[in-house]
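By convention here, the first residue in the shown sequence is residue 1.
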Amino acid sequence: MTAPAPPVCPRHPDRPSYVSCQRCGRPVCPECQRPAAVGIQCVDCVKEQAKTVRQPTSRFGARTRGGRPVVTMILIGICVAVYIGQLTNDSVTEDLSFVPFWAAIEPWRFLSAAFVHSTGSFTHILFNMFALWITGQYLEPLLGRIKFLGLFVISAIGGSVGYLLLVPPINEAGFLVWAVGASGAVFGLFAATLVLNRHLGRETGGIIAILGINVVLGFMLPNIAWQAHLGGAVTGGILAGILALTAPSGRTAVENAARRRWFWPAAIGLVVLLAAASLWRVMSVDAPLPF
């Protein structure tokens, strides 16, 4: 009588395996064994079970991740690279800075200006990058990479729109004065931190002090585009308010997911309002424009 063949691992048929997976019951060789709460499981069962485990998320739906704030680092890297380009070629500043007079025919300047900084003052980019690093380390894990990037980009656009709306009209030469810097976006991050911390019941005294100091400096120091600071702060605050309104409210998982889905439509609606305000401002200028 022939002896029965020994059980073999499905992943390694050449290896006899006398230990069985506690979940599926199949033989599992030492290489494919994974310790579980009770007994041993195979690699396939561990992978399948991992798909059903709910990933921890923040209050605003961001997956809890370790490591560095990747988006923040990329944004800082872009600003530094552009700044080096500015130092080597003056046309970089001319092509990317925000000039209200050119807003209608070169709309990319609403965003590109956030990555350009004054070459006459190294402290300009230094302060903005430090502020971006500090706020990014806090907001990016809280919101998630995509929402944080959206907050930065839309706040940057809001800063340019604020400058366009509040700068003196073209007959006072205001429409010809260019503006650069990530300050509008940074002020948006400051305002968002304030709104979200109040929503979460966290300390807000520090961020209020930082905002107050920078608002005062914006009016006291020369060559500071306080209009962009204000526009970015208002935009960032509104986006943070939208985040707070669409955050889970302790109801069922389905209802919470439905609330989160409203964030991006509302954010796009805010961008449309910014575009409409910009168009109104450009069309209201009583002087020849370049289009």
Side-chain angles (χ1 to χ4, degrees), residues 56-65 69 71-72 75 114 127-162 165-166 182-219 226-253 255-274 277:
T57 60
S58 72
R59 179 66 184 276
F60 303 101
R63 290 185 179 181
T64 303
R65 295 178 178 148
V71 173
T72 302
L75 291 172
F127 170 79
N128 281 339
M129 295 305 98
F130 176 73
L132 176 55
W133 175 248
I134 296 300
T135 54
Q137 287 187 90
Y138 176 68
L139 289 175
E140 186 174 336
L142 183 67
L143 305 181
R145 293 171 180 172
I146 302 301
K147 286 182 180 177
F148 174 74
L149 178 60
L151 174 63
F152 179 90
V153 169
I154 298 175
S155 295
I157 294 173
S160 296
V161 174
L165 295 177
L166 298 175
S183 302
V186 166
F187 267 76
L189 299 182
F190 282 153
T193 301
L194 173 61
V195 172
L196 295 178
N197 276 3
R198 289 186 64 86
H199 174 71
L200 296 172
R202 298 178 180 177
E203 174 62 36
T204 58
I207 192 65
I208 290 176
I210 293 174
L211 265 174
I213 292 172
N214 282 278
V215 168
V216 172
L217 290 177
F219 286 99
W226 62 266
Q227 302 92 337
H229 295 179
L230 179 60
V234 171
T235 304
I238 292 174
L239 277 172
I242 294 172
L243 278 164
L245 290 174
T246 57
S249 58
R251 301 174 184 175
T252 66
E255 290 175 325
N256 287 335
R259 288 172 64 89
R260 286 198 187 104
R261 282 196 292 267
W262 279 104
F263 171 74
W264 286 113
I268 293 172
L270 177 59
V271 174
V272 172
L273 287 176
L274 291 174

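F127 CZ to F130 CZ: the interatomic distance, rounded to the nearest 0.5 Å, is 8.5 Å. In this structure, OG1 in T193 is found 13.5 Å from CZ in R198, a value given to the nearest 0.5 Å. If you take CZ on F152 and CD1 on I157, they are separated by 10.5 Å, rounding to the nearest 0.5 Å. I134 CD1 to M129 CE: the interatomic distance, rounded to the nearest 0.5 Å, is 12.5 Å.
Looking at heavy atoms from C-beta onward, T235 lies in side-chain contact with L270 at the 4.5 angstrom threshold. Put simply, the side chain of L245 does not reach to within 4.5 Å of the side chain of W262, judged on heavy atoms. Within the 4.5 Å cutoff, the side chain of F148 has heavy atoms near those of the L189 side chain. Contact annotation: the side chain of N197 approaches that of Y138 to within less than 4.5 Å [non-hydrogen atoms, C-beta and beyond]. Using a 4.5 Å heavy-atom cutoff, the side chains of L139 and L196 are in contact. Inter-residue side-chain proximity for L75 and V71 is flagged as met; some heavy-atom pair is nearer than 4.5 Å.
Nearest heavy-atom pair, G188 versus S155, reported as atom, atom and distance to 0.1 Å: CA-OG, 3.7 Å. The minimum heavy-atom distance between G241 and V195, with the atom names listed, is N-CG1, 3.9 Å. The two residues I154 and A267 come nearest to each other via the heavy atoms CD1-CB, 4.1 Å. When all heavy atoms are compared, the tightest approach of P69 to W133 is CG-CZ3, 3.8 Å. Between V186 and A131, the shortest heavy-atom distance links the atoms CG1-CB, 3.5 Å. Closest heavy-atom contact between A191 and G236: CB-C, 4.4 Å.
More than 12 heavy-atom neighbours from other residues, nucleotides or ligands sit within 6.0 angstrom of CG on L273.
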Practice task
Apply side chain to side chain contact (heavy atoms under 4.5 Å, CB included) to the pair F263 and L143, showing each step before the final yes or no.
Solution key: CA-CA 12 Å; F263 171 74; L143 305 181; over 6 Å; no
